[in-house]
Structures are given as structure tokens and as C-alpha cells.
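First the structure, in the form of C-alpha cells, and then the observations on it.
Fair warning: this is a prediction, and the values are worked out from it, not measured in the lab. Throughout, residue positions are numbered sequentially from 1 according to the sequence presented.
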Amino acid sequence: NGVDSFQKKYRYIKEGLVINEVMNDNYLYLAQNGDRYYDWIDLYNNSENSINLSDYYLSTSKDNLTSYNLPDVTLEAHQYYIVMASGNLALSNNSYQHADFKLSDCEGLFLSKNNEMVDCLYMYDIPQNYSYGRNKDYGFYYIASPTAKKQNSSGLAVVSLAPVLESQKTIFDSVNSITVSFKDTGNIYYTTDGSVPNVNSKKYSEPFTIS
């Protein structure tokens, strides 16, 4: 309730170009370049006028707001535009323009014009194949079924934090065994083969030993 009240008061959608939705751990949506998946940013023209995107910049640093200049494209009223944050401009194609930066797991994203910030969001612990985006009125939510280039569906105001590893977090070499323990509330799932855990993985119940 506190998160919802805060978002309603301070995070209402502004008029003009805004960041509508982002995805920074994507393995399912908007495949291209030989079925490859990239981080992406969905922009939205929340106005009744056309907007030339080349007047705007995207950046992951508020100390350098002009990191990436958006392409010379006219976005009509209430239209959406996807930018792929692949880190490689050369990957741009007829469908999508690629930016020269990627999105990390914990990072701010800034939209600016005339070197002044016009919109921003903060990404933190977005689950794999979820997006983080605005609803139609106010606030940002975690979205289980991303809706690129569309009005976002309902989502979750908060998600569980990543579990805390109580054991020493490092790379071990030439050891016989190590005991692993986690601390958190709720259910914790884990793997021992390097794959990303999900609810079908092993469920943690007590410290275990890897030999």
C-alpha cells in the first residue's frame, strides 16, 4: 500500500516523450539477428503532437546525459518506439535501432532533451524475462508478460529481493567440499550447474554441502 500511494503521488505519467517499459534480462522477447535477444527500451509519445526523437538522448549516467542520441525518426502522438540496448550500433536493422550501451541488473536509465532530464527510472532485481514499465496512469511495475509497443498490462509493485548467500562468495580451487547456506524469507530455489533457477529447480530447506 505504501508503494502504491507513493507512486500515485510522485510517479504519474508526464506529457511528452517518456520511458514506457524496459527489459534487461531478456531471453524470450523481440528476437532478431538470427534469433538473438537483447535488452530493450520502449519509449512512448504521451502527447497529442508529433515528436522528433533526434532531439532526445538516452543514457545510464546522469553525469553524461548525452550518451546516445536517438535516431532521426518522427514519433506520432501516442505511438511507441523500441530501442535495442545491445551495446553495438552495427546491429541496427530495418526493424530496430541499436544503442551503444547495455542495461545492467542495477542501474538508472535517463531520457534527456537539451541536456536536461525529462524522464528516468531505476532498474533493480528485475526477474529474468520480466519487464519493468509504467501502467497507464501512474507508477512502475514488474510485468510478467512484457508488452512492447503497447499499453502495459497490470503488474507487481514489488518483487522479492535476491536471497542472501551466508557462505563465503568466491571461486574455490582444490577444496574437498563447501557448505552453502542462504538467508531470506519465502521460498528459495537453486541450481548447482550454473543454470538460472526457477520454481522447478531444487528448493532450499537447509544448508547443503557441495563436494
Side-chain angles (χ1 to χ4, degrees), residues 3-4 6-8 10-14 16-33 35-46 53 56-62 67-68 70-71 73 75 78-88 91-93 95-112 117-162 186 189 195-200:
V3 170
D4 189 64
F6 177 88
Q7 298 215 81
K8 186 180 294 184
Y10 295 107
R11 307 189 77 177
Y12 52 87
I13 186 168
K14 303 174 184 177
L17 189 66
V18 297
I19 302 169
N20 183 61
E21 188 177 3
V22 298
M23 199 166 183
N24 65 349
D25 197 3
N26 173 33
Y27 294 90
L28 285 178
Y29 297 91
L30 305 182
Q32 57 183 291
N33 295 335
D35 286 333
R36 299 192 179 194
Y37 299 93
Y38 306 101
D39 302 340
W40 51 263
I41 302 159
D42 188 14
L43 303 174
Y44 173 58
N45 180 358
N46 185 42
L53 296 183
Y56 293 82
Y57 293 81
L58 285 171
S59 176
T60 55
S61 171
K62 64 180 180 180
S67 174
Y68 171 71
L70 289 167
V73 173
L75 192 62
H78 303 291
Q79 281 190 339
Y80 298 85
Y81 187 84
I82 296 288
V83 176
M84 291 291 166
S86 67
N88 188 349
L91 292 175
S92 296
N93 51 54
S95 299
Y96 300 104
Q97 288 292 313
H98 285 243
D100 55 358
F101 63 88
K102 296 181 179 181
L103 302 176
S104 71
D105 292 335
C106 179
E107 191 162 51
L109 178 65
F110 308 96
L111 176 68
S112 67
M117 191 187 309
V118 297
D119 197 19
C120 65
L121 62 78
Y122 184 68
M123 294 164 281
Y124 183 77
D125 264 0
I126 303 173
Q128 187 182 75
N129 292 323
Y130 275 59
S131 66
Y132 189 59
R134 298 179 183 275
N135 75 1
K136 61 184 181 65
D137 297 315
Y138 63 87
F140 286 92
Y141 293 86
Y142 297 90
I143 302 170
S145 298
T147 50
K149 301 182 76 171
K150 296 179 182 178
Q151 186 178 91
N152 296 328
S153 59
S154 59
L156 303 170
V158 293
V159 295
S160 299
L161 297 176
Y189 300 89
S195 61
V196 176
N198 56 48
V199 294
N200 297 314

Working to the nearest 0.5 angstrom, can you tell me the gap between [X] [atom1] and [Y] [atom2]?
{"X": "Y80", "Y": "N20", "atom1": "OH", "atom2": "CG", "answer": "5.5 Å"}
{"X": "Y27", "Y": "Y38", "atom1": "OH", "atom2": "OH", "answer": "13.0 Å"}
{"X": "F140", "Y": "I126", "atom1": "CZ", "atom2": "CD1", "answer": "10.5 Å"}
{"X": "Q97", "Y": "L70", "atom1": "CD", "atom2": "CG", "answer": "9.5 Å"}
{"X": "L75", "Y": "L17", "atom1": "CG", "atom2": "CG", "answer": "6.5 Å"}
{"X": "E107", "Y": "N24", "atom1": "CD", "atom2": "CG", "answer": "8.5 Å"}

Original post:
Counting N and O atoms only, with roles assigned by atom type, does the side chain of D125 sit under 3.5 Å from a partner on the main chain of P127, one being a donor and the other an acceptor?
Top reply: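 Side chain of D125 to backbone of P127, a donor-acceptor pair under 3.5 Å: no, none is there.
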Original post:
Is a donor on one side and an acceptor on the other found under 3.5 Å between the side chain of N26 and the backbone of Y37?
Top reply: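 Side chain of N26 to backbone of Y37: no pair is present.
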For [X] against [Y], the heavy-atom pair lying closest together:
{"X": "A85", "Y": "A99", "answer": "CA-CB, 4.4 Å"}
{"X": "L58", "Y": "L43", "answer": "CD2-CD2, 4.4 Å"}
{"X": "L103", "Y": "M23", "answer": "CD1-O, 3.9 Å"}
{"X": "N200", "Y": "N198", "answer": "N-OD1, 2.8 Å"}
{"X": "N93", "Y": "Q32", "answer": "ND2-OE1, 2.7 Å"}
{"X": "S145", "Y": "Y29", "answer": "CA-OH, 3.9 Å"}

What is the ring orientation for [X] with [Y], classed by angle as parallel under 30°, tilted 30 to 60°, or perpendicular over 60°?
{"X": "Y68", "Y": "F101", "answer": "perpendicular"}
{"X": "F6", "Y": "Y10", "answer": "tilted"}
{"X": "Y44", "Y": "H78", "answer": "tilted"}

Kindly indicate whether the side chain of [X], heavy atoms from C-beta on, has any atom under 4.5 Å from the side chain of [Y].
{"X": "W40", "Y": "D42", "answer": "yes"}
{"X": "C106", "Y": "Y122", "answer": "yes"}
{"X": "N46", "Y": "R134", "answer": "no"}
{"X": "D4", "Y": "Y141", "answer": "yes"}
{"X": "N88", "Y": "H98", "answer": "no"}

Original post:
Between Q7 and N135, is a side chain to side chain contact (heavy atoms under 4.5 Å, CB included) present by the stated rule, with each step listed?
Top reply: CA-CA 11 Å; Q7 298 215 81; N135 75 1; over 6 Å; no
**OP:** Flag yes if more than 12 heavy atoms outside Y189 fall under 6.0 Å of its OH atom; otherwise flag no.
**Re:**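 Yes, enclosed.
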Original post:
Counting only heavy atoms not in Y130, do more than 12 fall under 6.0 Å of its OH?
Top reply: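 Check fails, neighbour count at 12 or below.
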